[in-house]
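Here is the structure we will look at, set down as structure tokens.
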Amino acid sequence: VLNRRCVEAAVMTGLALNCSINKKSLFDRKHYFYADLPAGYQITQQRVPIAVNGSLSYSLCIDKKMSQMVTKTVRIKQIQLEQDSGKSLHDDTRSQTLVDLNRAGVGLMEVVMEPDMCCGEEAAAAVRELQLILQTLGSSQAVMAEGQLRVDANVSVHHAGEPYGVRTEVKNINSIRFLAKAVDYEIQRQIEELENGGTILNETRAFDSKLGCTVPMRDKEGEQDYRFMPEPNLPPLILYDAKSLPANMNHQQVINIDWIHERLPDLPSVKREKLVEQYGILPEHSFTLLNEDGLAEFFESVVNQTQMKPKKVIGWILNDLLSYLNQHSLTVKESPVSSFLLADLLNLLEKKEISSTAAKRVLAELWKGEGKTPLEIVKEQKLELLQDQKELEQICQAVIDGQENE
Amino acid sequence: KVSVEVLDHLEHLALVDFRDSEGVERLQKAIQFADQLHEVNTDGVEPMDSVLEDRCLYLREDDVTEGNCTKELLENAREKVEEYFVAPPGNIPLPKLEERETF
């Protein structure tokens with residue numbers, strides 16, 4: 001029986017990716033034998049999936065310094081609902097496979113992209129953006145390391161102007177970084193193979209993260225005949241919009257596409273635009289803010305508590321706060337320096353009570369998380385800027401006098 | 001009539017063993033029986049997937065209604081290791097056509 005939340009998540013994701021939602025979609029059986037597929041078939045949507053023909057826009061940095069970004073688009077072929085299989089753990093030493101069926105039957109959403117990407121970096125950027133979108137929508141927490149988001153990469157090479165080459169499918173990619181590596185390795189492997197006069201087999205390969213290469217996968221011999229047939233136990237899935245809403249149906253059984261559309265949250269791209277417009281920061285900055293969980297909220301919180309201009313605050317957030325967090329592998333939520341403390345410190349700087357060098361020293365002290373306020377640290381280390389003109393003159397004079405004596 | 005290659009393909013796909021000429025004969029009779037469908041004129045008629053095609057798919061609420069039955073489920077297993085079912089390593093392929101004993 002189909003879970004309503006799965007359908008809602010699929011519709012939201014389809015709308016967020018500019019897809020056409022099929023008001024009537026069908027379910028099919030895909031047959032193959034494997035220990036983690038107890039029924040011998042997987043229910044999926046091969047013929048008429050729930051959403052088709054969308055697009056995903058993502059950005060890439062042209063150079064290493066992140067100062068120039070370019071926007072690219074990958075077309076979404078379709079989004080389909082299907083069942084998950086169980087999980088297999090291969091125990092080669094004892095020549096057996098351990099099967100965990102806990103996740104068998106759980107709903108999955110498969111997003112199929114067209115081959116519009118040309119290298120590991122593009123694939124990684126596209127998947128990262130998809131990950132952010134899914135997290136924003138609440139469709140999935142999309143943590144790759146926990147299998148919440150799984151990516152299979154289909155790679156082929158061809159000379160410009162010629163038809164696409166034979167493609168291989170690369171599985172077992174567990175992070176966005178590995179995705180880029182796997183794609184780039186496979187592209188290289190295929191090019192070398194072809195240049196040496198070989199051919200590419202239409203096979204499934206596994207990415208070995210330790211060795212950084214792809215290897216043919218066991219059990220996936222050649223092409224499979226899945227004998228697709230309509231799933232006889234599931235009638236068509238019917239979705240409605242404001243115009244086609246039926247009058248007397250049970251409310252719980254009705255999914256209204258327009259209703260969902262109206263309630264879509266701001267997508268990452270929209271959030272970035274708003275940050276740039278509201279705070280006058282650079283587009284690259286907005287990317288970094290959204291890339292770290294909680295960083296955008298931290299930034300806004302500091303801006304609201306300080307007189308310092310957002311354009312200056314962003315420097316402290318991205319250069320000082322973020323680099324410290326990264327060095328110590330901390331998340332924003334785990335930061336020993338709260339937005340309140342940082343705002344306090346920046347206020348002292350803004351009021352010219354301390355210099356920016358002094359501010360950095362105070363920040364270093366704050367990282368220790370000993371509970372002192374910025375003002376306390378300033379007093380302790382005597383970092384106050386001297387405001388008194390006469391006192392300054394006396395000090396300068398003393399230094400000059402000291403020099404003359406040498 | 002059905003060729004040896006098709007029979008071999010079918011046996012690999014469905015893990016069915018046709019065993020001897022009687023089995024193959026039965027298969028061919030079944031195909032002939034089903035071929036009678038071609039006599040019906042289906043021009044302009046949409047294929048029917050299921051007798052349920054005019055119904056709507058029931059949508060279930062996202063509530064947990066059952067579970068926690070690990071013990072009962074594992075009773076089905078001949079072999080287990082720490083709550084995992086034990087299966088042979090991967091798919092053991094059927095022997096190739098030339099090595100087969102049947103037909």
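- Contacts between A:Asn233 and chain B at a heavy-atom distance below 4.5 Å involve the backbone alone (N, CA, C, O).
- The contact between A:Pro230 and chain B is made entirely by side chain atoms (from C-beta outward), counting heavy-atom distances below 4.5 Å.
- Counting heavy atoms of neighbouring residues, nucleotides and ligands inside a 6.0 Å radius, atom CZ of B:Arg55 does not exceed 12 of them.
- Screening residues 239-251 of chain A for salt bridge (Lys or Arg N to Asp or Glu O under 4.0 Å) gives A:Lys23-A:Asp241 as the qualifying pairs, with residues at least two apart or on separate chains.
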Report task. Run the numbers on A:Leu98 and B:Lys80 for side-chain contact (heavy atoms from CB on, under 4.5 Å), then give the verdict. Result -> CA-CA 8 Å; A:Leu98 300 178; B:Lys80 329 177 240 271; over 6 Å; no
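- Counting only distance, with no hydrogens or angles, the side chain of A:Gln253 and the backbone of B:Tyr58 share no donor-acceptor pair below 3.5 Å.
- Heavy atoms of other residues, nucleotides or ligands lying less than 6.0 angstrom from CZ of A:Arg4 number more than 12.
- Annotation: side chain of B:Glu83 is not in contact with side chain of A:Asp100 (no heavy-atom distance under 4.5 Å).
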Query raised in the report: Taking it one step at a time, do B:Tyr84 and A:Val99 satisfy side-chain contact (heavy atoms from CB on, under 4.5 Å)?
Result: CA-CA 5 Å; B:Tyr84 286 96; A:Val99 178; 5.9 Å; no
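- B:Cys56 contributes atom SG, which lies 9.5 Å from atom CG of A:Leu239 (distance to the nearest 0.5 angstrom).
- Remark: A:Gln141 CD is loosely packed, at most 12 non-hydrogen atoms of other residues, nucleotides or ligands lying under 6.0 Å away.
- Heavy atoms of A:Ile238 lying under 4.5 Å from chain B belong exclusively to its side chain.
- Counting non-hydrogen atoms of other residues, nucleotides and ligands closer than 6.0 Å to NE2 of A:His261 gives a total of 12 or fewer.
- Side-chain contact between A:Leu101 and B:Phe85: present, with at least one pair of heavy atoms (C-beta onward) separated by less than 4.5 Å.
- Side-chain contact between A:Phe27 and B:Leu57: present, with at least one pair of heavy atoms (C-beta onward) separated by less than 4.5 Å.
- Residue B:Arg60 comes nearest to A:Gln252 through the heavy atom pair C-NE2, 4.0 Å, listed as atom of the first residue, atom of the second, then distance.
- Within residues 61-75 of chain B, the residues that have a heavy atom under 4.5 Å from a heavy atom of chain A are B:Glu61, B:Asp62, listed by number.
- How far CD1 of A:Ile255 is from CG of B:Leu59: 5.0 Å, rounded to the nearest 0.5 Å.
- No side-chain heavy atom of A:Thr97 sits less than 4.5 Å from a side-chain heavy atom of B:Val86.
- Chosen from A:Arg5, A:Glu231, A:Met229, A:Arg227, the residue pairing most often with chain B at heavy-atom distances under 4.5 Å is A:Arg227.
- Heavy atoms of A:Arg94 lying under 4.5 Å from chain B are absent altogether.
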